[in-house]
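Every number for a ligand or one of its atoms is a count from 1 in the order of the listing. Sequential numbering from 1 along the given sequence is applied to the chain's residues. Keep in mind the model is a prediction, meaning the values are calculated, not measured.
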Amino acid sequence: MTRDVTFVVFGATGHLARTKLLPALADVVMNESVQRHALVGIGSQERTDEDFARIVHDSLADAGIDASYRDRFFSGRIIYRSVSDAASFETVATDVDTLEREGGLSGNRVLYLAVPPSRLDPTVEGIRTSGLGSGRGWNRLVVEKPFGVDLESAIASNHEIHRAFAEHDVFRIDHFLAKETVRNLLVFRFANSLFEQVWNRRHVASIEITVAESAGVDGRAAYYDESGAVRDMLQNHLAQILTLIAMEPPVEMSAEAIRSEKVKVLQSARPISHDDAVLGRYTRGAIDGIQVPGYLATEHVPADSTTPTFAAVRVHIDNWRWQGVPFYLRTGKGLTRRLTEVVVRFHKPPVCLFHTEGDCQGHQNVLRLRLQPDEGFELLIGVKRPGDDTEIGQIPLSVSYDEILDGAPTAYETLLADILQGDQTLFVRSDEVEASWKLFAPLLNRSDIYSYAVGTDGPFSANDLVTTDPGVWSAL
Ligand code: BG6
């Protein structure tokens, strides 16, 4: 357990802080991961400490944190400061120092940057020059995604960060890594020798990774229009799932060993050619009978926006294990339903002994790892249909573990607890974030964007990417 810590949160009144971060901070205090704490909220707008305390209170109440735990969180000092220039950073540094000394805190600091990429470098510079990042205890920098807007900006931000912080004190967030089901991917692969035997090009025909969302971008359009599907999802969340699925076994379960294997996957990926990707943007349609306006008709989206809300990509990993196995990645907003899953399709039997007509299309074993919702997995097995003829059907061997996930910590709780422990396993290393940008940044300048109606599975043209059986994406 950490004895005491000061959380210094930049972007403390933003959407992410209110909905995820502040409740998770209260949770780590509630779970006694930390004995004593103080919270310093920082933003660009002028606010009083009382205004901020009210925001914190409402955020915890909205997250369903009950009154006694809210009181416990408020037992630590909570203050708010605005920053605009170098002088205001210095004032914050002095105030934080005073608050820690008066409160008998030892000066362990979590400097949490929930700010857009454009604010990252100036904020890190302000932290460095004011001494805010040099508390008397340990000082850990946490950076929200997206990290940078392209390869060049990510390299520049890493450079700026390393002027003030050693890499072992930098925690780049990708909250997908802390989801229980995503963490389970390595356990599934490396605690079950059954699957690892067949996890390679000799047995696997293709792998599909889907992160589909039915929701549109309402309420976050200003942020989203700057990001789009590539920056918001593909470069980070899907890239992370890809690395966990494709990586070699690490030499040990340490942060460095795991991250070194993950980065090799991205480094082995072939540059994505024009024909390897399809981008899309949703137009008007209905979800659950409710009409949703098209992306371009959404408030705060410019009518001439070129932002894609859907991306599908075929990735080739040119290494010993995966040569010749396509990885199909797709993500989008306004789709048929919310679903995150990995579908591993195995080769068909080399000889088709049982088929009566056509090919033995249906004789393919398929493993579906459902990461959310309805967490679990399913393995399709060929069986004989009852009757005189030898007709083959497929039945699923299904395992559901959504019940055992009841009460599991949220991704943000897990991440905060790890930051307090200094465990970087679930955070993205500097070379990893750069390798991912190198792979996906070429998609940023594409202007060929296909339309799809809200409530569908995305543009039909995305099926052109699927060159292996069954020749189309799995239905959502
Ligand atoms: C965020 C993206 O990182 O992840 C959002 O910015 C997306 O656009 C969200 O909706 C999905 O996360 P989750 O945990 O709700 O699946």
Side-chain angles (χ1 to χ4, degrees), residues 11 14-21 23-24 27 62-63 112-120 142-149 171-185 209-242 244 279-282 287 292 295 298 300-301 305 307-311 329-342 369-375 402 405 408-416 426-428 433 436-437 440 444 454 458 476:
H15 182 265
L16 180 89
R18 289 176 199 238
T19 55
K20 306 260 168 131
L21 180 56
D27 276 323
D62 290 349
Y112 198 113
L113 275 48
V115 298
S118 58
R119 295 298 313 146
L120 177 56
V142 184
V143 186
E144 265 297 339
K145 66 154 271 277
F147 187 92
V149 293
F171 295 75
R172 292 176 197 76
I173 298 242
D174 184 315
H175 78 282
F176 266 50
L177 286 175
K179 288 180 186 276
E180 284 291 336
T181 47
V182 176
R183 296 176 69 193
N184 187 46
L185 290 176
I209 299 173
T210 295
V211 183
E213 296 180 284
S214 54
V217 300
D218 240 3
R220 293 173 76 221
Y223 153 78
Y224 191 85
D225 199 59
E226 303 259 291
S227 302
V230 177
R231 291 191 176 104
D232 188 48
M233 302 293 286
L234 190 61
Q235 184 272 339
N236 31 74
H237 300 327
L238 282 96
Q240 288 299 326
I241 298 174
L242 170 69
L244 294 170
L279 302 179
R281 183 183 306 118
Y282 65 78
I287 293 200
V292 177
Y295 180 73
T298 308
H300 302 304
V301 172
S305 167
T307 302
T309 59
F310 175 95
L329 276 53
R330 104 184 123 161
T331 183
K333 304 258 185 213
L335 297 175
T336 312
R337 66 174 174 133
R338 178 169 182 256
L339 174 71
T340 299
E341 78 169 359
V342 178
L369 300 164
R370 270 192 322 275
L371 305 184
Q372 65 181 20
D374 307 327
E375 294 80 358
D402 53 348
L405 288 174
T410 65
Y412 273 86
E413 269 174 77
T414 301
L415 293 172
L416 283 168
L426 304 181
F427 298 85
V428 185
V433 79
S436 176
W437 272 123
F440 294 112
L444 294 172
V454 161
L476 289 177

Item to check | Nearest non-hydrogen protein atom, atom 12 (O) of ligand 1 | outcome: His175 NE2, 3.2 Å

Item to check | Taking atom 14 (O) of ligand 1 as the reference point, the nearest protein heavy atom with its distance | outcome: Lys179 NZ, 2.6 Å

Checklist entry - What residue and heavy atom of the protein are closest to atom 6 (O) of ligand 1, and at what distance? => result Asp232 OD1, 2.6 Å

Checklist entry - Looking at side-chain heavy atoms only, is the closest gap between Leu371 and Leu185 below 4.5 Å? => result yes

Item to check | Cation-pi geometry met for Lys145 and Phe147 (6.0 Å, 45°) | outcome: no

Next on the checklist: With a heavy-atom distance limit of 4.0 Å, tell me whether Arg338 approaches ligand 1 through its side chain, its backbone, both, or neither.
Outcome noted: side chain

Item to check | Identified side-chain contact (heavy atoms from CB on, under 4.5 Å) partner of Phe427 from the options Leu415, Val433, Asp174, Leu177 | outcome: Leu415

Checklist entry - Out of Glu213, Lys145, Lys20, whose heavy atom is nearest to atom 7 (C) of ligand 1? => result Glu213

Item to check | Residues Lys333, Glu213: salt bridge by 4.0 Å N-O rule | outcome: yes

Checklist entry - When you measure from atom 16 (O) of ligand 1 to every protein heavy atom, which one gives the shortest distance, and what is it? => result Gln372 NE2, 2.8 Å

Checklist entry - Relative to the heavy atoms of Lys333, which atoms of ligand 1 are at a distance of less than 4.0 Å? => result 5 (C), 7 (C), 8 (O), 10 (O)

Checklist entry - What do you reckon, is CD of Glu180 surrounded by more than 12 foreign heavy atoms closer than 6.0 Å? => result yes

Checklist entry - Do we see a donor-acceptor contact under 3.5 Å between the side chains of Asp225 and Tyr295? => result yes

Next on the checklist: Counting only heavy atoms closer than 4.0 Å, does ligand 1 sit against the backbone of Phe176, its side chain, both, or neither?
Outcome noted: side chain

Checklist entry - At a 4.0 Å threshold, what atoms of ligand 1 neighbour a non-hydrogen atom of His237? => result 1 (C), 3 (O), 4 (O)

Checklist outcome for this item: Looking only at protein heavy atoms, what sits closest to atom 5 (C) of ligand 1 is Arg220 NH1, 3.3 Å

Checklist entry - Does the side chain of Arg338 come under 3.5 Å of the side chain of Ser214 through a donor N or O and an acceptor N or O? => result no

